[in-house]
Amino acid sequence: MTSKILVLPGDGVGPEICRETIRVIDALQRDHGLDVELEEGLVGGIAYEETGNPLPEETLEKARAADAILFGAVGGPQWDSLPRESRPESGLLRLRSELGLFANLRPALLYPQLAHASTLREDVVSGLDIMIVRELTGGIYFGQPRKTRTDMGGRRQAVNTMLYTDGEIDRIARVAFDIARRRGKKLCSVDKANVLEVSQLWRDVVGEVHEKDFSDIELSHMYVDNAAMQLVRAPKQFDTIVTGNLFGDILSDIAAMLTGSIGMLPSASLDENSKGMYEPVHGSAPDIVGQGVVNPLATILSLAMMLRYTLAREDLADRVESAVGDALDRGLRTRDIMDGEAQVASTGEMGGAVVDMLQ
Ligand code: IPM
Ligand code: MG
């Protein structure tokens, strides 16, 4: 059966990284029996420019109809002063929320070829393989009330609400335990239960799910400040991490940098039925737009996750991942992962190398 993929290139370097990833999809269709149909849509700042809405109704409809979404990036300084609901980021947040993409998987994997691209000592990061499972449709990103207001004394105030229900915690915990079971059978749940009620509930529910259905997995709990520190001190103590929306946003950027470049890291955002949106962890990188220097590998590796989690083509996922490894073995490096003797590859050369290595 033909699967429908919606491509949402978005802003900044989004179109450049999506273009390379589409070349990989084309090659898989041509030579390896992948059966998909591609469609494009508008999202982010460009969608706001053309329609006045960072997530036009038409895009949302296409997204609902698709089996999987390949997402580039959104945002840029020219839109930073818009009201919140018009900002490019709101388009992304609404997509996540409207499609119920509550489970965000962010692997931080160090390619041995890039061990010295990390700012941390090689012995601290070599062999690193962490999976961060971030809750994506709840917590302080979406909790009500949220507003800015002026009090009786004329002072400006703003409030956001970090809210989780037991059901939301239960379902993300199950996803994380399942993933841990297929990896190193160790799950660390990160919260701030020494201060926040919402974190105490988080800790309690994760513990209940563990006791009930996943007692074969080794579960630990850690406060988020300590987790941030441990990630840079001794990251290899972690296998799978589960945490809420805000903490996951922050910790996944830290974990990304351990691997040498945020330009290498893919992500998947899944709903209850493994329909998913796949996007690089890095953003729109307005400073390097249009120069042909952005690293397309995070997006190409996001395609690999799509093949694995939504399209049920583990064989092709493996093939894409090893093609990326082969391109690195050949000595190709985009600027972000550059070191001494390597050749600097452009975005197109890196994409082309992956396509060649698929053979
Ligand atoms: C991410 C990004 C987004 C987030 C922004 C662009 C809204 O930082 O995917 O991590 O905070 O979730
Ligand atoms: Mg982020």
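One is the number of the first residue; the rest follow in order along the sequence. Please read these numbers as outputs of a predicted model, since none were measured by experiment. All ligand and atom numbering here is 1-based and tracks the order in the structure.
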How close does the nearest protein non-hydrogen atom get to atom 4 (C) of ligand 1, and which residue and atom is it? Y141 OH, 3.5 Å
May I ask whether M162 and L136 are part of the same hydrophobic cluster, defined by side-chain heavy atoms of I, L, V, M, F, W, Y residues being less than 4.5 angstrom apart, directly or through others? no
Would you call E40 and K62 a salt bridge, using N to O less than 4.0 angstrom? no
Report the nearest protein non-hydrogen atom to atom 8 (O) of ligand 1: residue, atom name, distance rounded to 0.1 Å. D249 OD1, 3.2 Å
Within-shell test, R134 vs ligand 1, heavy atom, strictly < 4.0 Å: yes
Would you mind checking if D151 and R156 are paired as a salt bridge, meaning a charged N to carboxylate O distance below 4.0 Å? no
Option set E89, E279, R106, criterion heavy-atom distance to atom 1 (C) of ligand 1, minimum: R106
Report yes or no: is the cationic atom of R171 (NZ for Lys, CZ for Arg) closer than 6.0 Å to the six-membered ring centre of F177, at no more than 45° off its axis? no
Could you tell me which atoms of ligand 1, counted from 1 in the order shown, lie closer than 4.0 angstrom to a heavy atom of R96? 1 (C), 4 (C), 9 (O), 12 (O)
Using a cut-off of strictly less than 2.8 Å, determine whether D249 has an N/O/S atom near the Mg ion (ligand 2). yes
At their closest point, which heavy atom of K4 faces which heavy atom of D67, and how far apart are they? N-OD2, 2.7 Å
